[in-house]
Amino acid sequence: VIFRGDRLEQYYVDLPGNWEGIHFLRASHDNEINYAIIKEATVGIRVDSLKETTAPKLTLRNSVIAYALSSGILGITADIYGENSLIFSCGEWNTQLEFGGNYNFTNCTFANYSSVLINHQSPVIRMSNYYYYKDDLGDHYLPADLNATFSNCIIHGSLDNELDRDPFAAAQFNYLFDHCLMKLADTVNVNTIHFSNIIKNQDPKFVDYYEKDDYHLASGSPCIDAGIANSIFLDLAGKTRTGNWDIGCYEFVP
């Protein structure tokens, strides 16, 4: 299924902001998106509020989100599970997790580079555990616990640091990046409980992200065989994962 703007003229192809995007409201639950392409939106997918059942508020599998004017994924105190998905070329954050929530992303690729359509200035991933607003009485911070896990994921782009962590002391700020390739500032210490088996500041060697939006792994990529095995046996292209899992949404095929 393809979700995109309804203007078909060449000028509007891959133009961010053609439509608002998909918005799951508070009462919505047990949502699943599988094998979808969501592009040209203001926000690709927005999910509000925690789940009301045992299933995640949104389960996202085998999907592509691209050319969002703002964020590819926006979770606000949400509950999201994502696997085998590609999020790229977003105007602000690829994935923006605000005001806490529960998040689990496995074998996903988050990538952002400036182009004629996108001016990449915000980190690929943003996480916060509060909501801020201001009124006549002053500044207000509403806390909410954050729990986020990224496993076998690529988080890469053209900035020196592609991870924005914004914790507030009054709520939990729990996160783990496990077997991920990440673009991080030199000052980010990956020898903590929040990081495990990180490949830091190495080129993932995509086939051609600039002209063809091709985020398959090229030969010699450090992501090849660098992941940890899980129950996701097919990649985004339907290829079988073999040996040690590759990091990202695509398994390298010679």
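Within a 6.0 Å radius of CG in Asp160, no more than 12 heavy atoms belonging to other residues, nucleotides or ligands are found. The local environment of CG in Asp6 is sparse, with at most 12 non-hydrogen atoms from other residues, nucleotides or ligands closer than 6.0 Å. The number of heavy atoms from other shown groups lying within 6.0 Å of CG (Leu25) is above 12. Counting non-hydrogen atoms of other residues, nucleotides and ligands closer than 6.0 Å to CG of Asp139 gives a total above 12. Within a 6.0 Å radius of OH in Tyr131, no more than 12 heavy atoms belonging to other residues, nucleotides or ligands are found.
The two residues Pro222 and Gln202 make their nearest non-hydrogen contact at CB-OE1, 3.5 Å. Scanning both residues, Ser85 and Cys249, for their nearest heavy atoms gives O-CB, 3.7 Å. Across every non-hydrogen atom of Leu217 and Pro204, the tightest pair is CD2-O, 3.9 Å. Taking every heavy atom of both residues into account, Gly75 and Ala78 meet most closely at CA-CB, 3.9 Å. Taking every heavy atom of both residues into account, Phe3 and Ala36 meet most closely at CE1-CB, 4.4 Å. The heavy-atom pair separating Asn244 from Asp225 by the smallest distance is O-OD1, 3.0 Å.
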For a ring-ring contact (aromatic ring centres under 6.0 Å, His included) check, start with the C-alpha distance between Phe110 and Trp93, then their side-chain angles and the critical distance, and finish with the verdict. CA-CA 10 Å; Phe110 306 89; Trp93 300 278; over 10 Å; no
| task | Output, in order, the C-alpha distance, side-chain angles, deciding distance and verdict of side chain to side chain contact (heavy atoms under 4.5 Å, CB included) for Thr149 and Phe105. | result | CA-CA 6 Å; Thr149 299; Phe105 294 96; over 6 Å; no
Start with the C-alpha distance between Leu184 and Val190, add both sets of side-chain angles, then the distance that settles side chain to side chain contact (heavy atoms under 4.5 Å, CB included), and finish with yes or no. CA-CA 9 Å; Leu184 298 169; Val190 297; 3.7 Å; yes
Exercise. Going through the distances and angles, do Asp214 and Tyr209 end up as a side chain to side chain donor-acceptor pair (under 3.5 Å)?
Worked result: CA-CA 5 Å; Asp214 190 342; Tyr209 67 83; over 6 Å; no
What's the verdict on side chain to side chain contact (heavy atoms under 4.5 Å, CB included) for Arg46 and Ile76, showing C-alpha distance, side-chain angles and the deciding distance? CA-CA 8 Å; Arg46 173 174 170 171; Ile76 303 177; 3.6 Å; yes
Which is it for Tyr132 and Tyr130 under the ring-ring contact (aromatic ring centres under 6.0 Å, His included) test, yes or no, and what are the steps along the way? CA-CA 7 Å; Tyr132 166 80; Tyr130 68 91; 7.6 Å; no
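Here the OG-CD distance, from Ser158 to Gln121, works out to 10.0 Å after rounding to the nearest 0.5 Å. To the nearest 0.5 Å, atom CD1 of residue Ile87 and atom CG of residue Leu60 are 6.5 Å apart. The line from CG of Leu58 to CD of Glu32 is 9.0 Å long, rounded to the nearest 0.5 Å. Between the CG atom of Asn161 and the OG1 atom of Thr187 there is a distance of 7.0 Å, given to the nearest 0.5 Å. The OH atom of Tyr35 lies 14.5 Å from the CD1 atom of Ile33; values are rounded to the nearest 0.5 Å. Here the straight-line distance linking atom CG of Leu176 with atom NE2 of His194 works out to 9.0 Å at 0.5 Å rounding.
Two residues are said to be in side-chain contact when any heavy atoms from C-beta on lie closer than 4.5 Å; Phe173 and Arg165 meet this criterion. The closest side-chain heavy-atom distance from Leu117 to Asp14 is below 4.5 Å. Using a 4.5 Å cut-off on side-chain heavy atoms (C-beta onward), Ile45 and Ile65 make contact. With a 4.5 Å cut-off on side-chain heavy atoms, Ile73 and Tyr103 do not count as touching. Counting heavy atoms from C-beta outward, Cys223 and Ile154 have side chains that approach closer than 4.5 Å. Between Met182 and Phe195, the closest side-chain pair of non-hydrogen atoms falls below 4.5 Å. Contact annotation: the side chain of Tyr175 never approaches that of Ile193 to less than 4.5 Å [non-hydrogen atoms, C-beta and beyond]. Using a 4.5 Å heavy-atom threshold, the side chains of Asp186 and Asn201 count as touching.
Aromatic ring orientation, Phe233 versus Trp245: perpendicular (interplanar angle above 60°, classes split at 30° and 60°).
Between the side chain of Ser128 and the backbone N or O of Phe99, at least one donor-acceptor pair lies under 3.5 Å. The backbone N or O of Pro123 sits nowhere less than 3.5 Å from a side-chain atom of Asp164 that would complete a donor-acceptor pair. The closest donor-acceptor contact from the side chain of Ser28 to the backbone of Arg26 lies at 3.5 Å or more, if one exists at all. In this structure a side-chain-to-backbone donor-acceptor pair under 3.5 Å is present from Lys200 to Val188. Remark: side-chain polar atoms of Glu251 are not paired, donor with acceptor, to backbone N or O of Ile247 under 3.5 angstrom. Proximity of a side-chain donor or acceptor of Asn147 to a complementary backbone N or O of Asn102 within less than 3.5 Å is not detected. Checked by atom type and distance alone, the side chain of Ser115 pairs as donor or acceptor with a backbone atom of Ile118 at under 3.5 Å. Asn62 places no side-chain N or O within donor-acceptor distance of the main-chain N or O of Leu236, the cut-off being under 3.5 Å. Using a distance-only test at 3.5 Å, with no hydrogens or angles considered, a donor-acceptor pair links the side chain of Asp145 to the main chain of Gln172. Side chain of Thr42 to main chain of Trp19: a donor-acceptor pair is present (N/O by atom type, distance under 3.5 Å, no hydrogens or angles).
A salt bridge is absent between Arg241 and Asp246: the closest approach of a Lys/Arg side-chain nitrogen to an acidic carboxylate oxygen does not fall below 4.0 angstrom. Between Arg4 and Glu40 there is a salt bridge, since at least one side-chain N of the basic residue sits less than 4.0 Å from a carboxylate O of the acidic one. The residues Lys57 and Asp79 are annotated as not salt-bridged, no charged nitrogen and carboxylate oxygen being separated by less than 4.0 angstrom. Between Glu98 and Arg126 there is a salt bridge, with a side-chain nitrogen of the basic residue lying less than 4.0 Å from a carboxylate oxygen of the acidic one.
Leu181 and Tyr215 fall within a single hydrophobic cluster, where Ile, Leu, Val, Met, Phe, Trp and Tyr are joined by side-chain heavy atoms under 4.5 Å apart, directly or via other members. Taking hydrophobic clusters as Ile, Leu, Val, Met, Phe, Trp and Tyr residues chained together by side-chain heavy-atom distances below 4.5 Å, Leu159 does not share a cluster with Ile125. Side-chain heavy atoms closer than 4.5 Å link hydrophobic residues (I, L, V, M, F, W, Y) into clusters, and following such links, even through other members, never connects Ile22 to Leu15. Linking Ile, Leu, Val, Met, Phe, Trp and Tyr residues whenever their side-chain heavy atoms come within less than 4.5 Å places Leu86 and Ile2 in a single cluster.
A side-chain donor from one of Tyr81 and Glu83 sits under 3.5 Å from a side-chain acceptor of the other. Inspection of the Asp213 and Tyr67 side chains reveals an N or O donor paired with an N or O acceptor under 3.5 Å. Asn84 and Asn107 form no side-chain donor-acceptor contact under 3.5 Å, judged by distance and modelled atom types alone. One side chain, His156 or Tyr113, offers a donor N or O that lies under 3.5 Å from an acceptor on the other. For His23 and Asp48, the side-chain atoms include at least one donor-acceptor pair closer than 3.5 Å. Side-chain contact annotation: His120 with Glu92, donor-acceptor N/O pair under 3.5 Å absent.
Checking Asn197, Ile232, Asn230 one by one against Asn152, the side chain to side chain contact (heavy atoms under 4.5 Å, CB included) holds for a single residue, Asn230.
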